[in-house]
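What follows is a single structure, written as structure tokens, with notes after it.
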Amino acid sequence: MAIDFQQIPSPCYVLEEAKLRRNLELINSVQQRAGIQIIVALKGFSMFSAFPLVREYLPGATASSLNEIKLINEYMGIPAHTYMPAYQSHEFEEVLSRSSHLTFNSMNQWEKYKERLAAYNASVDSENQVSCGIRVNPQYSEVATDMYNPCVPGSRLGVTRDKLPASLPEGLEGIHFHTLCENDSYTLERTLEALEARFGELLHQAKWVNMGGGHLMTREGYNTDHLVDLLIRFREKYNVEVILEPGSAIGWQTGVLVSSVLDVLDSQGIPVAILDTSFAAHMPDTLEMPYKPRIIGAYHEPVAGKPTYRLGGMTCLAGDFMGDYSFDEPLTEGDLVVFDDMIHYTMVKTTTFNGVNLPSIGIWKEDNTFRLVRSYGYESFKDRLS
Ligand SMILES: Cc1ncc(COP(=O)(O)O)c(C=O)c1O
């Protein structure tokens with residue numbers, strides 16, 4: 001059954017449990033068939049009330065900060081795979097004690113921390129030791145938007161081949177790269193060719209290879225058979241454990257942001273509906289990427305003769321609007337406007353800019369009941385300030 005929107009407070013992110021399970025089943029089948037591990041990247045999907053479901057299928061999670069590590073430890077009960085562009089000295093031992101894998105972004109960082117790592121590993125049982133890797137930059141990416149392309153000239157993310165010695169330095173067991181963003185397996189195939197051309201002999205020495213995120217295997221039309229073949233060939237050729245760490249693919253098309261109309265006005269001839277949500281504060285990727293989000297039941301592009309509106313966010317930022325969209329009926333105060341695919345990279349990026357409340361978070365359960373997980377108020381706004 002579809003979500004009964006009458007039960008949802010506005011504004012609210014609503015995760016559809018059945019859709020998340022469907023994604024996880026597909027991802028699980030890929031990891032089983034390919035003989036690899038697929039872990040969830042918290043930067044894209046940190047909805048911890050759904051972590052028990054995620055853990056039914058995925059063996060782990062990846063973090064890019066101590067806070068994400070703690071969320072993984074607390075709500076999944078496992079150590080994290082960790083990568084940060086630079087580690088902070090004061091939290092390094094805590095990061096180690098909460099992680100199973102640690103990836104360094106530069107040889108400087110490796111040199112700085114390798115003795116502390118060795119001391120830590122010598123102090124714990126073998127099953128609690130941390131396995132370390134280095135992030136490399138294969139200097140090949142098909143990501144069109146520079147904002148999301150870690151291979152732009154001068155990128156700080158990952159080590160180019162000339163910065164690494166002929167063989168993998170002692171103590172480093174893994175190679176990590178992340179160069180994809182909402183890409184398919186054919187992009188991965190071309191990326192692996194570039195990686196192998198530059199780092200081939202190091203791959204033979206590695207124990208594990210982490211292929212980062214950006215593998216949008218839950219998008220309709222993605223050829224998972226091709227992905228599985230590619231992963232098996234790679235794993236066997238280099239005799240390595242392979243890890244993928246997608247974020248988007250987990251939460252892809254698993255839920256919505258429900259909002260409602262507060263006012264309808266005419267702005268110099270343009271009809272505008274002001275909503276109780278904000279593009280800037282609650283859907284920042286729509287302005288940053290940018291992209292025009294789909295609205296359930298609305299026409300994505302203006303249709304002549306249909307009621308057409310620009311949708312305004314509730315902050316005073318002039319650019320906090322999106323449009324235009326057409327509807328079958330004129331919008332009036334209280335009407336619902338439901339944005340599709342608003343689970344990944346939304347909740348993790350919200351702000352309380354302008355003092356606007358964060359949307360509530362809820363789950364439309366598989367038994368067709370609604371569970372309101374959390375609502376926010378003044379305290380959440382105040383908490384970020386002093
Ligand atoms: C190092 C790393 N791993 C994984 C991911 C997750 O990528 P995606 O959500 O596109 O799958 C990202 C995203 O930026 C990343 O930087």
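We count ligands from 1, going down the list as the structure has it; atoms in each ligand are counted the same way.
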Suppose we measure from [atom] to each protein heavy atom; which comes out shortest, and what is that distance?
atom                    : result
atom 11 (O) of ligand 1 : Gly214 N, 2.7 Å
atom 5 (C) of ligand 1  : His178 CE1, 3.6 Å
atom 9 (O) of ligand 1  : Tyr345 OH, 2.6 Å
atom 13 (C) of ligand 1 : Lys43 CD, 3.3 Å
atom 3 (N) of ligand 1  : Glu245 OE2, 2.7 Å

Should the heavy atoms of other residues, nucleotides or ligands under 6.0 Å from [atom1] of [X] be counted, would the total exceed 12?
X      : atom1 : answer
Lys306 : NZ    : yes
Gln268 : CD    : no
Arg156 : CZ    : no
Glu333 : CD    : no

Can you check whether [X] has an N/O within less than 3.5 Å of an N/O in ligand 1?
X      : answer
Glu182 : no
Gly212 : no
His215 : no

Inset, instruction - Run the salt-bridge test on Asp225 and Arg33 with the 4.0 Å N-O cut-off and return the result as yes or no. - result: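 Salt bridge: yes.
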Legend entry - Presence of salt bridge, Arg161 and Glu201, under 4.0 angstrom: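 Salt bridge present between Glu201 and Arg161.
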Legend entry - Aromatic centroids of Trp208 and His101 separated by under 6.0 Å: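 Ring centroids of His101 and Trp208 are less than 6.0 Å from each other.
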Legend entry - Validation row, ring centre Tyr186 to ring centre Tyr222 under 6.0 Å: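 No - the distance between ring centres of Tyr186 and Tyr222 does not fall below the 6.0 Å cut-off.
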Legend entry - Min heavy-atom dist Gly247 to ligand 1 below 4.0 Å: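 Checking ligand 1 against Gly247, which is what was asked, there is a heavy-atom contact under 4.0 Å.
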Counting from 1, what ligand 1 atoms have a heavy atom of [X] closer than 4.0 Å?
X      : value
Ser248 : 8 (P), 9 (O), 10 (O), 11 (O)
Pro246 : 11 (O)
Arg135 : 1 (C)

